[in-house]
Amino acid sequence: MKLNELLKNVKPLCIIGDDGAEITGVNIDSRRIAPGHLFVAIRGTQTDGHRFIPAAVAQGAKAVLCEVLPEEKAEGVAYVQAASTEDAVGKVATMFYGEPSKKLKLVGVTGTNGKTTVATLLYNMFRTFGHKAGLLSTVCNYIDGEQTAADHTTPDPIELNQLLARMVDAGCEYAFMECSSHAIAQKRIGGLHFAGGIFTNLTRDHLDYHKTFENYRDAKKAFFDSLPKTAFALTNADDKNGAVMVQNTKAQVKTYSTRTMADFKAKIIECHFEGMYLDIDGREVGVQFIGKFNVSNLLAVYGAAVMLGKKPEDILVVMSTLKSVSGRLDPLRSPEGFTAVVDYAHTPDALANVLSAVHEVLDGKGKVITVCGAGGNRDKGKRPLMAQEAAKQSDRVIITSDNPRFEDPQDIINDMLAGLDPKQMKKVVSIVDRKEAIRTACMLAQKGDVVLIAGKGHEDYQEVKGVKHHFDDKEVVREIFNN
């Protein structure tokens, strides 16, 4: 594809060289540049891509897109200056891959909690309906039935468009993707055409990156601000930020709620560990999920499916067959008669929701023992809040390691313990070794109790000093049960 065609949706400040040069690839990593490629220099959070322009040219780059033109320019290389390469890269990538998002019904899901569940259930639902569909999520990416690894909640713009193009080539009609606040703020979804957007909820998270809650909220809101008028914007009316998200959108706004007037409504009729009976818009349905927060997630799935043209009665039939996403309220029954529940909850609100769901089922007939930690090199402010939420709704709490990354695990644990008062501290112990913490919790549990193991869910590793070591909470629990 010619360079000037790639720049169709970009407004260059200037172009030096041949804007008709034939481009054979686009990359933001100079190490992946091959002869004929366009190198896009991005000012990242860790390093500035402008430093690697000479390396990209040495690798054979035919063109360079940058914010600051280099003093030395190689012969035969076109240099394009843009006000923001972060803004331009998505637009360039989507053109290079043939604007794949316009050939799919692409639905984005954003919010603090529930993104993976909502996106994955929509993907599973539409495949059950007989459609070919794609999924971009924290857990895994799928091109119809083909699984590809997911390193980020939302990939970089080039990988993202590459995956969407592969979905189009595979005959997919729909694609469902999580849109993280980082991805929105860093314009990773720039240039994509969405058929719809879903807002789940908003609570404290990622303040290490966004600095303030307002910045975090506005990053999410920017997604809805950019939706076209042909799209739908489905928002959670039970969240105080639900109305804020859609106040400036051009899309058709619809609401869902478990508590107030909305376009899509639901309530719990009955609840067990095996699932719930719900009333959704006046129709009863049995689902294999528990917890009020999952009622909201299912309602978002239901509303989105309606907006995508499916009949309510058909949606509920499929919904009754859907199963929980890996690592989300995964129950494992012990030989001794207690239940271990593995969940990804890694924010104060998510932990509170999961504990509430456990209590809804227990109904006062068993004790709750919670194992939790907090990630290293992330928002430190949520650590004491996580411990507080665990202590509020648990009979015993074991604070342990999550992914310490480059921090000392004991320092993270101390930050969590600092949020507890003397009364709460009486039911809390700390054990740095996560496996030993889980084993201790299981030893404390008796018949009818629940051991909640929170924070890692589907993850099968523990990151320590930059190295990922194999660690799977569910594997550990099964091993303890077998022994």
Side-chain angles (χ1 to χ4, degrees), residues 107 109-122 125 196-205 217 220 224 232-246 253-308 310 312-313 315-325 328-329 341 343-345 347-363 389 392-393:
V107 176
V109 187
T110 196
T112 305
N113 303 312
K115 296 188 296 295
T116 302
T117 295
V118 172
T120 304
L121 294 183
L122 279 166
M125 174 176 282
I198 302 168
F199 170 69
T200 57
N201 50 64
L202 199 69
T203 59
R204 182 189 177 118
D205 202 12
R217 178 199 64 204
K220 301 285 189 186
F224 294 94
F232 67 83
L234 180 61
T235 190
N236 184 356
D238 294 335
D239 190 287
K240 62 183 179 183
N241 291 288
V244 175
M245 290 294 132
V246 296
V253 176
K254 293 287 181 180
T255 58
Y256 64 95
S257 172
T258 62
R259 299 198 302 259
T260 187
M261 291 295 293
D263 296 296
F264 306 107
K265 288 206 66 180
K267 64 180 180 181
I268 299 173
I269 300 170
E270 207 174 298
C271 186
H272 311 277
F273 262 123
E274 292 73 31
M276 299 179 285
Y277 282 101
L278 305 178
D279 179 303
I280 296 182
D281 282 352
R283 295 179 172 91
E284 286 191 19
V285 61
V287 296
Q288 300 174 57
F289 297 81
I290 63 168
K292 288 177 183 174
F293 69 97
N294 266 327
V295 180
S296 290
N297 290 336
L298 290 167
L299 203 44
V301 170
Y302 172 82
V306 170
M307 296 307 294
L308 289 169
K310 295 301 176 185
E313 53 271 28
I315 296 168
L316 295 179
V317 168
V318 174
M319 190 178 282
S320 68
T321 69
L322 297 176
K323 289 180 167 50
S324 181
V325 176
R328 268 55 172 188
L329 274 171
V341 175
D343 192 88
Y344 187 53
T347 67
D349 185 65
L351 187 57
N353 284 336
V354 169
L355 282 164
S356 293
V358 169
H359 281 290
E360 285 164 28
V361 178
L362 275 179
D363 198 23
E389 291 297 348
K392 277 180 200 172
Q393 297 194 64

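The first residue in the sequence is number 1, and the count goes up from there.
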Measuring from atom [atom1] of [X] to atom [atom2] of [Y], what distance do you get when rounded to the nearest 0.5 angstrom?
{"X": "Asn294", "Y": "Met276", "atom1": "CG", "atom2": "CE", "value": "5.5 Å"}
{"X": "Asp239", "Y": "Asp349", "atom1": "CG", "atom2": "CG", "value": "8.5 Å"}
{"X": "Asn113", "Y": "Ser296", "atom1": "CG", "atom2": "OG", "value": "11.0 Å"}
{"X": "Asn201", "Y": "Asn236", "atom1": "CG", "atom2": "CG", "value": "6.5 Å"}
{"X": "Ile315", "Y": "Ile280", "atom1": "CD1", "atom2": "CD1", "value": "9.5 Å"}
{"X": "Leu351", "Y": "Thr203", "atom1": "CG", "atom2": "OG1", "value": "11.0 Å"}

_Could you walk me through whether Val253 and Phe224 satisfy the side-chain contact (heavy atoms from CB on, under 4.5 Å) test, starting with their C-alpha distance in whole Å, then the side-chain angles of each, then the deciding distance to 0.1 Å, before giving a yes or no?_
CA-CA 10 Å; Val253 176; Phe224 294 94; over 6 Å; no
*Would you please name every residue forming a salt bridge (charged side-chain N to carboxylate O under 4.0 Å, His left out) with Lys323, sequence neighbours left out?*
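Residues passing salt bridge (charged side-chain N to carboxylate O under 4.0 Å, His left out) with Lys323: none at all.
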So which atom in [X] and which in [Y] form the shortest heavy-atom distance, rounded to 0.1 Å?
{"X": "Met125", "Y": "Ala305", "answer": "SD-CB, 3.9 Å"}
{"X": "Gly291", "Y": "Glu360", "answer": "CA-OE1, 3.6 Å"}
{"X": "Gly286", "Y": "Tyr277", "answer": "CA-CD2, 3.8 Å"}
{"X": "Ala304", "Y": "Leu234", "answer": "N-CD2, 3.4 Å"}
{"X": "Val285", "Y": "Leu316", "answer": "CG2-O, 3.5 Å"}
{"X": "Ser257", "Y": "Thr260", "answer": "OG-N, 2.7 Å"}

Side chain to side chain contact (heavy atoms under 4.5 Å, CB included) with [X]: which residues, sequence neighbours excluded?
{"X": "Thr200", "result": "Val109, Val118, Tyr256"}
{"X": "Val361", "result": "Cys271, Phe273, Ile290"}
{"X": "Thr321", "result": "Val318"}

*Give the intermediate values and the outcome of side-chain contact (heavy atoms from CB on, under 4.5 Å) for residues Thr116 and Tyr344.*
CA-CA 10 Å; Thr116 302; Tyr344 187 53; 5.6 Å; no
Contacts of [X] that satisfy side-chain hydrogen bond (donor to acceptor under 3.5 Å, both in side chains) - sequence neighbours left out:
{"X": "Glu270", "answer": "His272"}
{"X": "Asp263", "answer": "Thr255"}
{"X": "Thr258", "answer": "Asp238"}
{"X": "Lys254", "answer": "none"}

*I would like to know whether Val246 and Phe199 meet side-chain contact (heavy atoms from CB on, under 4.5 Å); could you show each step before the answer?*
CA-CA 9 Å; Val246 296; Phe199 170 69; over 6 Å; no
Does [X] reach the side chain of [Y], with side-chain heavy atoms less than 4.5 Å apart?
{"X": "Ser356", "Y": "Gln393", "result": "yes"}
{"X": "Phe289", "Y": "Leu121", "result": "yes"}
{"X": "Leu329", "Y": "Val354", "result": "yes"}
{"X": "Met245", "Y": "Leu202", "result": "yes"}
{"X": "Ile268", "Y": "Leu278", "result": "yes"}

*Run the side-chain contact (heavy atoms from CB on, under 4.5 Å) check on Arg328 and Asp343 step by step: do they pass?*
CA-CA 5 Å; Arg328 268 55 172 188; Asp343 192 88; 4.2 Å; yes
_Side-chain donor/acceptor of Lys220 to backbone N/O of Gly111, under 3.5 Å_ = yes
*Verify, without hydrogens or angle tests, whether Gln288 (side chain) and Ser320 (backbone) share a donor-acceptor contact under 3.5 angstrom.*
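A pair under 3.5 Å: yes.
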_Holding to ring-ring contact (aromatic ring centres under 6.0 Å, His included), I want the full list of residues that pass it with Phe293, two or more places apart in sequence or in another chain._
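ring-ring contact (aromatic ring centres under 6.0 Å, His included) list for Phe293, sorted by chain: empty.
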*Looking at residues at least two apart in the chain, or sitting in another chain, which of them share a ring-ring contact (aromatic ring centres under 6.0 Å, His included) with Phe232?*
none
*Can you list every pair that meets salt bridge (charged side-chain N to carboxylate O under 4.0 Å, His left out) and has a residue in residues 280-304, with sequence neighbours left out?*
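Listed by first then second residue: Arg283-Glu313.
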